[in-house]
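For reference, the structure is listed below as structure tokens.
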There are 2 protein chains.
Amino acid sequence: MGKGKLQAVADSLQISLSTVYAALQGRPDISSKTREEVLARARELNYRPNWLARSLVTRQTHLIGVLVPDLVSSFFTELTRGTELAAAAAGYNLLLCNSQESPESEDAKIALLVSRQVDGLIVASSHAPGTRTVTEHLQESGVPFVLVDRYFAGVNYVGLDDRKIGRIATEHLIAQGYHRIAHLRGPNVSTANGRWEGYRQALRAAGLPLHNEYVQRVDFSPESGREAALRLLKTSPAPDAIFAANDPIAIGVLQAARDLGIDVPGQLGVVGVGNFQHVADLSVPLTTIDQNKVAVGETAARLLLDLIAMRQGQPGHEAPPRTVLIEPILVVRASTQRPAAAKKAKAVGGKKK
Amino acid sequence: MGKGKLQAVADSLQISLSTVYAALQGRPDISSKTREEVLARARELNYRPNWLARSLVTRQTHLIGVLVPDLVSSFFTELTRGTELAAAAAGYNLLLCNSQESPESEDAKIALLVSRQVDGLIVASSHAPGTRTVTEHLQESGVPFVLVDRYFAGVNYVGLDDRKIGRIATEHLIAQGYHRIAHLRGPNVSTANGRWEGYRQALRAAGLPLHNEYVQRVDFSPESGREAALRLLKTSPAPDAIFAANDPIAIGVLQAARDLGIDVPGQLGVVGVGNFQHVADLSVPLTTIDQNKVAVGETAARLLLDLIAMRQGQPGHEAPPRTVLIEPILVVRASTQRPAAAKKAKAVGGKKK
DNA sequence: CTGTTAGCGCATTCAC
DNA sequence: GTGAATGCGCTAACAG
């Protein structure tokens, strides 16, 4: 004899709970008169179905858990935006967590989201590339999931082909006449690694030598990029172009160039990745690779919703893992628009100090 | 005779459900032997408490609903980040929704979040300033809430004093020797309105005239800012400074100035609001007012958590609404650093086309 | 068409 | 210490 809100409506109308329920569901087997009454009374009593109770019995929460390494990077916030868009359209809400780039925290959050009974999971993992634990944990949780951005094999994944990104960026620099191309490689995550591979592939394909000193590991931040660029640009011979693993790093490179009085793009070509907000308005408008992060988030959400629907249709019948790749797009701006005159000229070292 | 996971553990151990429960809770009246066994078995069976069921009975979800007008603006994403931080630290998770700047959508989402039984609500409202409906809806929902950013009277609020922001920005321009100061006023939300008032206050205080043509309404976007600035800079006499309601607008102003060949800060001073990412690296590093959005989000979360704790302690005893203001900070960069020579010179109109 | 009944998984009060 | 019983609010399958 629960006194749930539904019950309350029923009581005040002197009818049965299940009649109220049926009326609220709009089931056709209810006299339109009682339906009206029920609807009216429900509004009066300000009745709101309790999703907890509902979910407990239907076994679906219409919640999708989103786990990202951080919320600082505009990358993940835009991705989240895309996810929210697609999810909301399908009547799903987002349970948002961040792992602060910590694998332990990530595992904990996944466990949490699972125990909150999310219908599905979208995660950008902070685990080292190739780690099996991530996908294993996820698998055995029994909750449908898709990974985004950071690539892991054998599972549903939505992201970009980072090797391709690396190639496109590097090929562009080569086409612009730059020959001594350095790379500021990001941390040990699949995206940074892929871009680095693409960089090497492009150099090799163009018959350009690969100098190890020209590749430096940095964080995904302007500070880190600036520092590394300062070092790079003081080597001899200095690079005449830098492919930065993402836009914030590239911004650091631009800072370093300005500090050293090096002209971009005349003496130094710079390309980033991500097409972050306002990079077109930098001191030197930045050439970059657009990633369409919103599309990544949206696509991931849609794929996940498919998986969820699938599972409800025929449990046991798991579809084989899918990998969906969003196309990267080269966006050419001033930072690689070398004056025609310079294109054939031998590259110039930065003025030392 | 539920077959809940808890029950499963109990069964497999041939003991009662409530014993298992007590053991898991770490209650002292359980033999440490049975506790060990229970813990071990729970782990084996991969037991995870079901938050739905738990919440249904405890009447708390440890969920806080976050409703923002959009996820595009870095403003709200950073705010959300701060909220996530504080919430996670207290064992709360975020249910994230966006209203897409639509009041109707906002109301719907609030109802949704309430029926999802969130313990509290943080909302940046997209309702017109002064609208009573927002706070009324929220009040009668019975869920503790705090509003952020967009100001509404008589309720818990965390944000900034936007009048002060407007004053600081305008006073700075005046101090830098600019006299014909225009303002690109944002849309009809409390923040934009407040900054506009501050602007007028500062002008008045300095004895400068207020020209209506110098105030234009724009959206919070570079495109909108650029367009309006183009118009403004072609008037005669043209303004020698522009206070933009936020950084994206200011970026549009910088674009317009470049298009017209107007030197910033020599011929035109520009100040924005928000200290958005990378505005220090723009073609002209932007002077702006930092808002510490993360702190806003964090503070709001903490205030909300207090309210929640309060309510649990002594229901009925509502604390009076609090208004918490985060201090705005003027960040001076190149866009207002007028060459000393020019400071006393009469302002110069932009070269007409 | 309407009313009765039995759980969903967990928290909690009370006997044993 | 441990076990049985009750209910959170809602869904769903069934009788009347």
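All chains are named by letter (A, B, ...) in the order of the sequence lines, taking the proteins before the strands, and each is independently numbered beginning at 1. Given the structure is predicted, the values throughout are model-derived calculations rather than measurements. Side chains are part of it too, since the values below use all heavy atoms of this structure and drop only hydrogens, waters and symmetry mates.
C:dT4 atom P lies 11 Å from atom CG of A:Asp11, rounded to whole Å. Atom CD in A:Gln7 sits roughly 13 Å away from atom P in D:dT11 (whole-Å rounding). Counting to the nearest Å, the C1' atom of D:dG1 and the CG atom of B:Leu17 are 16 Å from each other. For the pair B:Gln117 CD and D:dC8 P, the computed distance is 14 Å after rounding to whole Å. Atom NZ of B:Lys5 and atom P of C:dC10 are 9 Å apart (whole Å). As rounded to whole Å, 11 Å separates atom P of D:dC10 from atom CD of A:Gln25.
The two residues A:Arg322 and A:Asn156 have their closest heavy-atom pair at N-OD1, 2.8 Å.
Residue A:Thr19 places its side chain closer to C:dG3 than to any other of C:dA11, D:dC10, C:dG3.
Scored by the salt bridge (charged side-chain N to carboxylate O under 4.0 Å, His left out) test, A:Glu101 finds A:Arg150 as partners (sequence neighbours excluded).
In terms of modelled atom types and a separation under 3.5 Å, the side chain of B:Thr83 and the main chain of B:Glu298 share no donor-acceptor contact. The backbone N or O of A:Glu106 sits nowhere less than 3.5 Å from a side-chain atom of A:Ser99 that would complete a donor-acceptor pair. Panel note: side chain A:Asp119, backbone A:Thr61; a donor-acceptor pair is recorded below 3.5 Å. With hydrogens and angles ignored, the 3.5 Å screen pairs a side-chain donor or acceptor of B:Ser115 with a backbone N or O of B:Leu112.
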Could you list the donor-acceptor pairs under 3.5 angstrom formed by side chains in residues 74-81 of chain A, with sequence neighbours left out?
residue : atom : partner : partner atom : Å
A:Thr77 : OG1  : A:Ser74 : O            : 3.0
A:Thr80 : OG1  : A:Phe76 : O            : 2.6

Please tabulate, for the side chains in residues 138-146 of chain B, all donor-acceptor contacts under 3.5 angstrom to protein atoms that are two or more places apart in sequence or on a different chain.
residue  : atom : partner  : partner atom : Å
B:Ser141 : OG   : B:Leu138 : O            : 2.6
B:Ser141 : OG   : B:Val143 : N            : 3.2

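The closest side-chain donor-acceptor pair between B:Ser16 and B:Ser18 falls under 3.5 angstrom. Remark: the A:Glu104 side chain and the A:Ser102 side chain contain an N/O donor-acceptor pair separated by less than 3.5 Å.
For DNA chain D, the neighbouring residues in residues 49-62 of chain A, judged by any heavy atom under 4.0 Å, are A:Pro49, A:Asn50, A:Ala53, A:Arg54, A:Val57, A:Thr58. Only at 4.0 angstrom or more do the heavy atoms of residues 26-44 of chain A sit from any atom of DNA chain D, so none qualifies.
Of the two residues near DNA chain D, A:Tyr47 and B:Ser16, the one whose nearest nucleotide lies more 5' is B:Ser16.
Note on the helix from C:dC1-D:dG16 to C:dC16-D:dG1: terminal axis deviation equals 50°, with five pairs used at each end and the result rounded to 10°.
Taking the six-membered ring where the residue is Trp, A:Tyr92 and A:His62 present parallel rings, their angle staying beneath 30° rather than reaching 60°.
Dashed line: the shortest gap from a side-chain N or O of B:Tyr21 to OP1 or OP2 of D:dA4 is not under 4.0 Å.
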